[in-house]
Each structure stands twice: as structure tokens, then as C-alpha cells.
Amino acid sequence: MDQLFRRSSLLLQNALELINHPLYNDSQRTVASADACQLAIDHGGALRSLLEGRFGTSAPAMLRCQFEALTRSLWLLHCATDEQVEFIMTTAMEGMTSEARLPMATDMMRQLRQVPVVAHPLELLEELKASGWMAMNSYVHGGVHAMQRTREGFPTELAISILKQSNGLSILAVMQLAALTGVPKLQRLLLPLNDAYGDCLPIKTGESSSSQAQG
């Protein structure tokens, strides 16, 4: 696990260095999508820290947070109305009473199915949702999975699986950030990381075409 923690950190560090460019523009839509990407990456770092600190039963809850932040990033860029983007960018926290006007993950994914350029990342998100959504919800809400792992301990094999899934989401977020720079073919620079750090990833994330920045 210690080696996997180190290599996971290096994977993200190398990925972010490769796409270190300013955003394509400073429109609310572009900035909001980038903010959600950064949130997904931060959640991934928190998940890794939880596992390193042996707080395994809390880590899957962060996986769901990471999943939803990345989904939000894609949705903000490609599907959200101007009013929804403005709401998420300008509403003051102290004056906010409800986020009901913003769709939940299932609705965002349904809308994204109508956007051909996000087919690759959406496929990976839907695979993760199909295989692990109920378990992630259980950890978030203190359900059977969380209670059982609290009693019986958190297996190393499960920790490895969750960390690799999180790393995969982080790389998808980095790919989205690369697209938001508007630099042609920047995502391709990330492809060698699939081989160099294949032991840290659940699958080959590949190149995502998602993602030309919109202004």
C-alpha cells in the first residue's frame, strides 16, 4: 500500500505538470467546469489521505463526492443552462436556501448521454456507477456496508480497489482540465501515464475527446 500511495501521488503530480496551461477563456461556464474538476481532484487527494491514515470506512464516501464533482464538471460545460451556471458561480452561500435547481448525478448523466463528445468519460462514469453506486451511498449514509466494515475492518484489497478507482477519476478530471485550456492535442500527452502508472489505475483511461472548451 505504501508504494501505491507514493505512485498515486506521483501520477497526479506528473499529470498536472503536463497540462499546466491557463484556461481557454474566463467565461463563467469554463471557470465553473474547471472549479468542479479541481474539486474532484481535491476529493481524490482526501480519499488517499484517509486510506493512508487508516480511516478506510470514510474513503468510499469521498469516492462518491469525487464522482459527482467530475460529473458536474462535464455537465456544466456541455449541458447546464446559462442561468444554472450563473447560479453556481454567483450565489452567495449565506443567501442560498436551496440547490434544487441543480440536477443530481443521475439527471446530469442522462443529459450528458445526448452529448457525443463526452461518450468516453461518460462510459467510464456509468460503469463505476453501475458497479458501486449502492455501496458508495451506503458509506455516505452510514448504511450496511459502512457498519459492517466498521465492525470487521477494511480489507487491503478493497482499499486498493477504491484508490485505483479514485485515481482513474482524478485522471479523467485532469483530461477535462486539459480540454479546458483549448491547447490542441494536450490530452494526448497524458496517454503514456496509462502505461507508466498502470498499476495505479483501474483501467486504461485513454484519450477523451470530451471537451472542447466553450466560451
Side-chain angles (χ1 to χ4, degrees), residues 1-5 7-9 11-12 35-76 79-80 88 93 96-113 118-176 199-205:
M1 283 299 296
D2 288 342
Q3 181 179 1
L4 183 58
F5 290 140
R7 285 181 55 76
S8 296
S9 180
L11 166 63
L12 183 58
D35 285 349
C37 281
Q38 186 59 57
L39 182 59
I41 292 168
D42 290 347
H43 286 324
L47 182 149
R48 187 170 64 250
S49 295
L50 286 168
L51 290 176
E52 287 185 282
R54 300 186 183 280
F55 297 105
T57 51
S58 299
M62 295 309 303
L63 187 65
R64 173 178 155 171
C65 292
Q66 187 179 18
F67 176 97
E68 294 202 56
L70 177 56
T71 303
R72 182 78 73 193
S73 174
L74 295 170
W75 175 81
L76 280 166
C79 300
I88 208 168
M93 286 186 292
M96 185 176 62
T97 58
S98 173
E99 293 192 28
R101 69 185 70 185
L102 299 177
M104 302 299 288
T106 298
D107 288 332
M108 287 191 290
M109 295 175 76
R110 177 180 52 79
Q111 294 179 38
L112 285 166
R113 292 189 193 108
V118 302
H120 175 72
L122 183 60
E123 179 184 2
L124 300 179
L125 288 170
E126 289 190 323
E127 288 177 0
L128 177 55
K129 189 173 186 292
S131 63
W133 190 248
M134 291 183 64
M136 285 188 281
N137 289 344
S138 179
Y139 283 102
V140 168
H141 299 299
V144 173
H145 287 271
M147 298 300 292
Q148 184 176 22
R149 293 307 177 195
T150 298
R151 288 193 304 271
E152 300 178 3
F154 205 78
T156 299
E157 294 79 5
L158 182 56
I160 291 172
S161 175
I162 289 172
L163 181 55
K164 287 184 176 183
Q165 289 173 336
S166 175
N167 289 340
L169 291 176
S170 293
I171 292 302
L172 287 177
V174 173
M175 286 183 169
Q176 176 71 353
D199 58 315
C200 300
L201 295 166
I203 53 176
K204 304 291 186 181
T205 53

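Residues Leu169 and Ile41 are not in side-chain contact: their nearest non-hydrogen atoms beyond the backbone lie 4.5 Å or more apart. Taking 4.5 Å as the limit, every side-chain heavy atom of Tyr139 sits out of range of all side-chain heavy atoms of Val144. Between Ile162 and Phe154 the shortest side-chain heavy-atom distance falls below 4.5 Å. Taking 4.5 Å as the limit, some side-chain heavy atom of Pro155 sits within range of a side-chain heavy atom of Arg149.
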side-chain contact (heavy atoms from CB on, under 4.5 Å) evaluation trace for Arg110 with Asp107:
CA-CA 5 Å; Arg110 177 180 52 79; Asp107 288 332; 3.8 Å; yes
Between Leu70 and Trp75, does a side-chain contact (heavy atoms from CB on, under 4.5 Å) hold up when you go through it step by step?
CA-CA 9 Å; Leu70 177 56; Trp75 175 81; over 6 Å; no
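Distance CE/Met134 to NZ/Lys129: 11.0 Å, rounded to 0.5 Å. Taken to the nearest 0.5 Å, the CG atom of Leu76 stands 9.5 Å off from the CD atom of Gln176. Rounding to the nearest 0.5 Å places SG of Cys200 at 7.5 Å from CG of Leu163. Taken to the nearest 0.5 Å, the CG atom of Leu112 stands 8.5 Å off from the CG atom of Leu125. Here Leu201 contributes atom CG and Leu11 contributes atom CG; the two are 5.5 Å apart, rounded to the nearest 0.5 Å. Expressed to the nearest 0.5 Å, how far NE2 of His43 lies from CG of Leu39 amounts to 3.5 Å.
The environment of CE in Met1 is crowded: more than 12 heavy-atom neighbours from other residues, nucleotides or ligands sit within 6.0 Å. Residue Gln3 qualifies as open at atom CD: its count of foreign heavy atoms under 6.0 Å is 12 or below.
Of all the heavy atoms in Cys79 and Gln111, the pair that sits closest is CB-OE1, 3.6 Å. Minimum heavy-atom separation, Ala36 to Ala69: CB-O, 3.5 Å.
Side-chain atoms of Asp42 and Gln38 form a donor-acceptor pair, as typed in the model, at a separation below 3.5 Å.
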Show me, pair by pair, the donor-acceptor contacts under 3.5 angstrom made by side chains of residues 45-67, not counting sequence neighbours?
| unit_1 | atom_1 | unit_2 | atom_2 | d |
| --- | --- | --- | --- | --- |
| Ser49 | OG | Gly45 | O | 3.1 |
| Arg64 | NE | Glu68 | OE2 | 2.7 |
| Arg64 | NH1 | Asn137 | OD1 | 2.5 |
| Arg64 | NH2 | Glu68 | OE2 | 3.2 |
| Gln66 | OE1 | Ser166 | OG | 2.8 |
| Gln66 | NE2 | Ala40 | O | 3.3 |
| Gln66 | NE2 | Ser166 | O | 3.1 |
| Gln66 | NE2 | Ser170 | OG | 2.9 |

